[in-house]
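A quick note: this is a predicted structure, and the numbers were derived from the prediction, not measured. Both counts, for ligands and for their atoms, begin at 1 and track the order of listing. Atom set for the values below is all heavy atoms of this structure, side chains included, hydrogens, waters and symmetry mates excluded.
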Amino acid sequence: MALNPTDLYDVRSLLSEEERAVQDTVARFTDERVLPIIGDCFDQGRFPKELIPEIASLGLLGSSLPEEYGCAGLNAVSYGLICQELERGDSGIRSFVSVQSSLCMYPIYAYGTEEQKRQWLPRMAAGEVIGCFGLTEPHGGSDPANMKTHARKDGGDWVINGAKMWITNGNLAQIAIVWAQTEDGIQGFIVPTDAPGFSAQEIHRKMSLRASVTSALFLDNVRVPEANRLPNVKGLKGPLGCLTQARYGITWGPIGAAIACFTEARDYAMERVLFDRPIAATQAVQLKLADMARRITLAQLLSLQLGRLKDAGTMQPTQVSLAKWNNVRMALDIAREARDILGGAGITTEHSPIRHALNLESVITYEGTETVHQLVVGREVTGINAF
Ligand SMILES: Cc1cc2nc3c(=O)[nH]c(=O)nc-3n(C[C@H](O)[C@H](O)[C@H](O)COP(=O)(O)OP(=O)(O)OC[C@H]3O[C@@H](n4cnc5c(N)ncnc54)[C@H](O)[C@@H]3O)c2cc1C
């Protein structure tokens, strides 16, 4: 029996019925709603906001959080499959969902009060309130401990000053989860984006993640009440805990991008006739396609096992680092190779590989650069911190 070229080890047979149903639903959404418009969105540098209500109605926002807060209550593997199928469309759509779910709803759920959860989570799950996550600052994202943004207690309020850089959803958001230094260490605050002194400036001229909103945030004496502080975490472990959630999803997303590129390159190679035969009949192209299939298979198995560990409650951040590093590198290499197989046609956004390749240049940098994740794994296997 012929194997499925995009699932050579039948990883799908390892999924539960519910997980398969989630994957099929999101795959249909990507095929019918994302793929027909995404090339134009990328060209125009436009995030397709019109998809938000449908993304919400499918239960894709905060999908792993409990139903009592209006969320879908799905397991970690399902969340991974959501990321994979969305990123088969575009990394920008997946980024929107990752930020809303893992970086904004998760900290409210994990570190917030019951009132904060009831106030925000149902409306965020419904897509009525969009969040952004402000951790990175202009002077260097890889070293978040060196945070300059600070919050000072003033009576019953907090007064926040600082700047954040490269913030996904910044100009879309109604609330920002802002991480700031305080006398008591780093703390998180829910900041309404219409608060006096808060401003967001969209970053233009991007060659990557063009179908995603990226912004700089400025906080100039922004005043929020004590009720907006996330009380249940202090220190860097607050934002890092959110990043572990998001990075877990990011290990799955690039598998989708890689599958899109591999499929397009393979189809093209079967059709493109040069020297009297399809280029897919040449050994050089078959080696490339076989290598793509091999690397996709390894990434699928890695993320599935990571998801099973997460669902069992035993997943470690180092394991997430290894998978983020491996899977994003895998997808970026495949996107570039697929672009090459398409020849000149590969340089336009008529075909997806160059768009995916450009997007993955962001994905390999954000949520911890490739080097940062390599150093995390290096620290684990040597016991020596080389940062
Ligand atoms: C499109 C996009 C969206 C983003 N969205 C968000 C968001 O929503 N919220 C948010 O808070 N941030 C966001 N980021 C920021 C992202 O997380 C940072 O860009 C990332 O952490 C890297 O920080 P930096 O850009 O300041 O690079 P730097 O930290 O300045 O790194 C520069 C280079 O130095 C290398 N380096 C760092 N440390 C070491 C070391 N010890 N040894 C050797 N090399 C090292 C890095 O690998 C990199 O190659 C986003 C970024 C992009 C591009």
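- Side-chain contact between Val320 and Leu243 is absent, with no heavy atoms from C-beta onward closer than 4.5 Å.
- Residue-ligand proximity, Thr168 to ligand 1, at heavy-atom distances under 4.0 Å covers atoms 3 (C), 4 (C), 5 (N), 6 (C), 7 (C), 8 (O).
- Arg123 and Gln174 share no side-chain donor-acceptor pair at under 3.5 Å.
- In terms of polar-atom proximity, Met165 is not counted as a contact of ligand 1, lacking any N or O under 3.5 Å from an N or O of the ligand.
- Annotation for ligand 1: atoms under 4.0 Å from non-hydrogen atoms of Leu375 are 40 (C), 41 (N), 42 (N).
- Summary of contacts: the protein heavy atom closest to atom 6 (C) of ligand 1 is Trp166 O, 2.6 Å.
- Aromatic ring pairs are classed by plane angle as parallel below 30°, tilted from 30° to 60° and perpendicular above 60°; the pair Tyr248 and Trp252 is perpendicular.
- Short contacts between ligand 1 and Ile167, defined as distances under 4.0 Å to a heavy atom of the residue, involve ligand atoms 7 (C), 8 (O), 9 (N), 10 (C), 11 (O).
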Steps toward side-chain hydrogen bond (donor to acceptor under 3.5 Å, both in side chains) verdict (Asn75, Glu19): CA-CA 8 Å; Asn75 69 0; Glu19 290 159 355; 2.7 Å; yes

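- Side-chain atoms of Glu361 and Ser208 include no donor-acceptor pair closer than 3.5 Å.
- Here the shortest heavy-atom distance to atom 37 (C) of ligand 1, taken over Ser142, Gly92, Ala173, belongs to Ser142.
- Protein heavy atom closest to atom 9 (N) of ligand 1, with residue, atom name and distance, is Phe133 O, 2.8 Å.
- Inside a 4.0 Å radius of atom 32 (C) of ligand 1 there is not any protein heavy atom.
- Remark: ligand 1 and Tyr366 share no N or O pair separated by less than 3.5 Å (distance only, no angle test).
- Judged purely by atom type and a 3.5 angstrom limit, Ser63 has no side-chain atom pairing as donor or acceptor with the backbone of Gly59.
- A side-chain donor-acceptor contact under 3.5 Å links Asn146 and Lys148.
- The closest non-hydrogen atom to atom 18 (C) of ligand 1, taken over Thr136, Thr371, Val99, Val372, comes from Thr136.
- The shortest N/O to N/O separation between Leu209 and ligand 1 does not fall below 3.5 Å.
- Residue contacts with ligand 1 for Thr369 involve side-chain atoms from C-beta outward but no N, CA, C or O (heavy atoms, distance under 4.0 Å).
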N/O donor to acceptor pairs below 3.5 angstrom from side-chain atoms of residues 155-164, sequence neighbours left out:
unit_1	atom_1	unit_2	atom_2	d
Asp157	OD2	Arg223	NH1	3.2
Trp158	NE1	Glu226	OE1	2.7
Asn161	OD1	Asn221	N	2.7
Asn161	ND2	Asn221	OD1	3.0
Lys164	NZ	Leu135	O	3.2
Lys164	NZ	Glu137	OE2	2.9
Lys164	NZ	Trp179	O	2.8

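- At a distance under 4.0 Å, a protein heavy atom can be found next to atom 40 (C) of ligand 1.
- There is a protein heavy atom less than 4.0 angstrom from atom 1 (C) of ligand 1.
- Here the CD-CG distance, from Gln319 to Leu309, works out to 5.0 Å after rounding to the nearest 0.5 Å.
- Between Ser212 and Thr168 the shortest heavy-atom distance is OG-CG2, 3.9 Å.
- Listed for the Thr244 side chain is no donor-acceptor partner under 3.5 Å among the backbone atoms of Pro317.
- Looking at ligand 1, you won't find any N or O of Glu137 less than 3.5 Å from one of its N or O atoms.
- Using a 4.0 Å cut-off between charged nitrogen and carboxylate oxygen, Asp291 and Arg294 count as a salt-bridge pair.
- Remark: minimum distance from atom 26 (O) of ligand 1 to any protein heavy atom is reached at Gly141 N, 2.6 Å.
- The closest heavy-atom contact to atom 17 (O) of ligand 1, among the options Glu367, His139, Lys206, comes from Glu367.
- Residue contact check: Leu135 has heavy atoms under 4.0 Å from atoms 11 (O) of ligand 1.
- Proximity to Thr365 (heavy-atom distance under 4.0 Å) selects the following atoms of ligand 1: 19 (O), 20 (C).
- Of the possible polar contacts, none joining the Glu85 side chain to the Asp24 backbone as a donor-acceptor pair under 3.5 Å is found.
- Protein heavy atom closest to atom 30 (O) of ligand 1, with residue, atom name and distance, is Gly140 CA, 4.1 Å.
- Counting only heavy atoms of the protein, atom 53 (C) of ligand 1 lies nearest to Ser362 OG, 4.0 Å.
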